[in-house]
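A quick write-up on the structure given underneath.
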Number of protein chains: 4
Amino acid sequence: MPKLGAEPIRRAALVKATIETVGEAGSLEVTVAQIARRAGMSSGLAHHYFGSKEQIFLAAMRAILTLYGAEVRGALATASDPESRLRAIVAGSFAPGSFRRETISAWLNFYVLAQTNAQAHRLLRVYQRRLRSNLRHELRQLVGDRAGAVARGLGAMIDGVYIRAALAEDAPDPQYALDIVMEYIDRELEVTP
Amino acid sequence: MPKLGAEPIRRAALVKATIETVGEAGSLEVTVAQIARRAGMSSGLAHHYFGSKEQIFLAAMRAILTLYGAEVRGALATASDPESRLRAIVAGSFAPGSFRRETISAWLNFYVLAQTNAQAHRLLRVYQRRLRSNLRHELRQLVGDRAGAVARGLGAMIDGVYIRAALAEDAPDPQYALDIVMEYIDRELEVTP
Amino acid sequence: MPKLGAEPIRRAALVKATIETVGEAGSLEVTVAQIARRAGMSSGLAHHYFGSKEQIFLAAMRAILTLYGAEVRGALATASDPESRLRAIVAGSFAPGSFRRETISAWLNFYVLAQTNAQAHRLLRVYQRRLRSNLRHELRQLVGDRAGAVARGLGAMIDGVYIRAALAEDAPDPQYALDIVMEYIDRELEVTP
Amino acid sequence: MPKLGAEPIRRAALVKATIETVGEAGSLEVTVAQIARRAGMSSGLAHHYFGSKEQIFLAAMRAILTLYGAEVRGALATASDPESRLRAIVAGSFAPGSFRRETISAWLNFYVLAQTNAQAHRLLRVYQRRLRSNLRHELRQLVGDRAGAVARGLGAMIDGVYIRAALAEDAPDPQYALDIVMEYIDRELEVTP
DNA sequence: AATGAATGAGGATTCATTCAT
DNA sequence: GATGAATGAATCCTCATTCAT
C-alpha cells in the first residue's frame, strides 16, 4: 500500500544516500544497488524514480548546490552593510550544513562529472556565476573598480579551500577554512581606504 | 620488433597517452585498451609494463607532478630576491607546460583518485607540502608572521584557479590565471611595509 | 520471469550443469559461461547465485559427495549383520547414481581441486574419514585387530577403482568394479575364521 | 655461445621444472613462464624446444612414467622367486624416487590430463597395462586362476594409495603405503595354499 | 508502487605463442 | 640458439538496466 507522498520521500532518500555513498567512497564509481540499499529500497525503484544512474547523480548534485545556495542566503539574511554581507556570503559557503566531509567529497566528484556531463556542467556554471555576481555586488561598494578582480580571487580561493578540505586527513574545520578567506578580505579592505 | 631501450620509451608513451585520454574523457573511466591504443601498443603490453591500470594512473600522476615541480624550479632559477622568487613560484604553477586543458583535467581526476588511493594521496600531499613550504620560505622575508597564513591562502587560491580552469569553456588562459593570484600578492605586499 | 522458489531450482541446475560440463570436458578449465548456458541461464546469474566460479565448483563437489553419502546410507538401510553392512558400504560406493562417467570424471577433477583449495580439501577429508570409520566399524566385528589395516586397504582400493574408471574407454561397469573389491573382502573374511 | 649438447640438458631441466611447478601448484594451471623461469631459461626457449605447453606436459609425464618403470625394474633386478618379484614390483611402485609429494601431485594432475589429451591417455594406458601384465605374470605362479583378479585388485590399490598420498597433510610415507598393499598380498598368498 | 531476478555488454587481466633481433 | 617484447584471444566478474510478477 503505497503511501501518499511516498515519491518525494523516496527521491529525497535516494539523493541523500547518493551524496553519502559517493562521499564515503570518494568516487562516482558506486553502484546504483549500493545507493538504493542505503536509501532502503531496491535498485529497480531507484531507476523507476530517476530513470538512470546519471539522473540520480544530477539530482544529488542539484541538492548539494541548492543547500549551498540556501546557506548563503540564510547567512545574508541577517547582514545589512556591504562588508557584513560580503563576509556572510563567505561564511555561508563554509556553513556546517555544506562544509562536511561527505558533502565536500561528493562535491569534488560532481565537479569531475561536470567535465563529462553537460547538465552537470551547466549546473555548476550557474552557481559559480551566481556566487561571483553576489560577491561583486557587495565588493563594488567596498573596493570599487577592483570588485571584479577581487570577486574572481575570492571565488577561486573558496573553491581551493574546498578542494583542499577534500584531501585533509581530519574532519574539515570550518573555522580554519573561514580564517583563510577572511584574512584575504581583511587585506583587500585594509588597502582600499 | 623489440628494440634496445624500448621500455622507457613505451612507458613514457603510456604515461602521455594516459594523461591525454583521461584529460579528453574528463574521467578516470577510460579503458586500458584505449590508453594502450593511443600509445600505439596492445593492452597486454601496457599491463606488462605497469602491472595494473592503477599503476598506470599513478605513473601518469607522478609525471604531472614532476613536470609541475620542474616548472616551478625552472621559474625559480632566474629569481633572486624574495619577492621575485615568490612570484616565480606562482608563475611556474601556471607555466604553459602544466597549465593545459588536458593536463588540468587529468590533474583534477587524479585529485579525485587521491580520495581512494593511498599512493595517490601521498603523492599529492608531498607536492602540496613542498609548495607550501616554498611559499612560506619566501613569504617569511616579506610578510613576517603572516607568512603561514598567506602561504595557505596562496596555495588554496592556486588550486582554486586550477580547478576552475578545468571547467572553463575556452582554452585555459595562463595570463588571466596569473593575474588573479598576482593581485592577491600585490595586496599582501602593499600592506606590509 | 522471476518465479517464487526459483533460487533453489537455479542453484540445482547450475550444480548439475557444472558436473556435466566438468565431466564432459574432463577438466576444471571450463568457463562459467559454458556452465551457465547448459543450465539455461546467463553467466551473470550464475555469479549472482554463487559469487564465483570457485564457489560453483565447491557446490558441485558438495553435491557429488552428498549423493555418494546418500547412496551408501541407502545401501546400508537394508543390511543387518556386519558382513552385509560392510558389503553394502562398498556397493553404495559403486551405486549407479554415483558411478557414472561424468560424475567420476568430475570427482577426479575435484580431487585435484582439493590440492589447491582448502575448502575442497576439507570436504574430501570429511568424506574419507567418514568412509573409513564406517568400514572400520563393521570390520572390527569381522576381523578384529586387523580392522584398521583392512579399512585402509579397502578405502584405497575403492579410490583406485574409481580413478581407473575415469580412464576406461567404455562406460564404467559397476559390476566389474564391485567384483574387484568384493574379492578382496572375500579373501579377508576367509582368512579370519 | 650455445654449448654442445645443450639441448638435452635444457629439455631435462624443463621437464624437472615442470614436475616441480605442477607438483607445488597442485594444478596444471601453471604458466610456461613459471616453468621456464624455474628451469633457468626464457619462455621462448621452452617453446622452441617443445613447441607447446601441452608437449611440455607430455614430456614431463613421460619422465614420470619412465622413472616409475625404472624403479620397478630396479627392484625386480634383485628378486628371483615369484613372491619376491611380486613384492618387488610393489616396492618399486613406492620407491622414494617416485613416491614424493611433488611427483605424486604432478602424477595426479597428469591423470586428469589424460581425460582430455589422447597422447597422455595412451601413455597412462601403456603403463597400466605393463604393470598389470607384470603383476599377473608373477601371480599366475602364486595364485593360479585368481591371478587376473588379484592383479586388478593390486593395481587398483596401488593407484588408490597414490591418490590418497596426494591429499595427505604430511610428507608421503612409503612404508605406510607399502604396508597397506603388502598386507593385501599376505592375505592373498595365505589363502592359496 | 515495488521487488529483485535476469540479462548481457564491457573491461581488467592473464598467458600461450610468435618473432625480430 | 636464446631472449623477452609484443600480441590478442580468452575469461571472470561487475553492474546498469529491464521486466515479470
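The model shown is predicted, which means the values in this text are computed figures rather than measured ones. To find a chain, count down the sequence lines: A is the first, B the second, and so on, and within it residues start at 1.
At whole-Å resolution of the value, CZ in A:Phe50 and P in F:dT18 are 16 Å apart. Whole-Å rounding puts the C:Glu7 CD to E:dT3 P distance at 18 Å. Look at CZ on C:Arg11: it is 12 Å from P on E:dA6, rounded to the nearest Å. The separation between C:Phe57 atom CZ and F:dC13 atom C1' is 15 Å, rounded to whole Å. Taking atom CD of D:Gln55 as the reference point, atom P of E:dT17 lies 10 Å away to the nearest angstrom. Residue C:Leu14 contributes atom CG, which lies 10 Å from atom P of E:dA6 at whole-angstrom precision. With rounding to whole Å, C:His47 atom NE2 is found 5 Å from F:dC12 atom C1'. With rounding to whole Å, D:Ile9 atom CD1 is found 10 Å from F:dA2 atom P.
Summarising the geometry of C:Leu108 relative to C:Ala166, their closest heavy-atom pair is CD2-CB, 3.8 Å, with the distance given to 0.1 Å. Of all heavy-atom pairs spanning A:Leu28 and A:Phe57, the tightest one is O-CZ, 3.4 Å.
When atom types are taken as modelled, the side chain of D:Gln55 and the backbone of D:Ser52 share no donor-acceptor pair closer than 3.5 angstrom. Using a distance-only test at 3.5 Å, with no hydrogens or angles considered, a donor-acceptor pair links the side chain of B:Ser105 to the main chain of B:Gly23.
Not a single ring-ring contact (aromatic ring centres under 6.0 Å, His included) links A:Phe110 to another residue, sequence neighbours left out. With sequence neighbours left out, the salt bridge (charged side-chain N to carboxylate O under 4.0 Å, His left out) criterion links A:Arg125 to B:Glu169.
From A:Ser27, atom OG reaches atom CD of B:Glu29 across 7.0 Å, with rounding to the nearest 0.5 Å. With values rounded to the nearest 0.5 angstrom, C:Ile56 atom CD1 is found 5.5 Å from C:Ile35 atom CD1.
When base pairs are accepted only as Watson-Crick or G-U wobble with both N-N or N-O distances under 3.5 Å, DNA chain F takes part in stems of 3 or more pairs at E:2-21 with F:2-21.
Residue-level contact check: D:Tyr49 touches the backbone only, with heavy atoms under 4.0 Å from sugar-phosphate atoms and none from bases.
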Would you list the atom pairs, donor with acceptor, under 3.5 Å between side chains in residues 11-22 of chain B and any protein atom, with sequence neighbours excluded?
from    : atom 1 : to      : atom 2 : distance (Å)
B:Arg11 : NE     : B:Glu7  : OE2    : 3.0
B:Arg11 : NH2    : B:Tyr49 : O      : 2.8
B:Lys16 : NZ     : B:Glu20 : OE2    : 3.0
B:Thr18 : OG1    : B:Leu14 : O      : 2.6
B:Glu20 : OE1    : B:Arg38 : NH1    : 3.0
B:Thr21 : OG1    : B:Ala17 : O      : 2.5
B:Thr21 : OG1    : B:Arg38 : NE     : 3.3

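Between D:Tyr127 and D:Ile64, the closest side-chain pair of non-hydrogen atoms is not below 4.5 Å. Between B:Leu124 and B:Met61, the closest side-chain pair of non-hydrogen atoms falls below 4.5 Å.
Contact check of residues 106-120 of chain B against DNA chain E (heavy atom, cut-off under 4.0 Å) returns no residues at all. If you check residues 22-46 of chain B against DNA chain F, the residues with a heavy atom closer than 4.0 Å are B:Met41, B:Ser42, B:Gly44, B:Leu45, listed by number.
Mapping A:His48 and B:Gly51 onto DNA chain E by nearest heavy atom places A:His48 at the nucleotide closer to the 5' end.
Distances shorter than 4.0 Å separate none of the side-chain N or O atoms of A:Arg10 from OP1 or OP2 on E:dA1.
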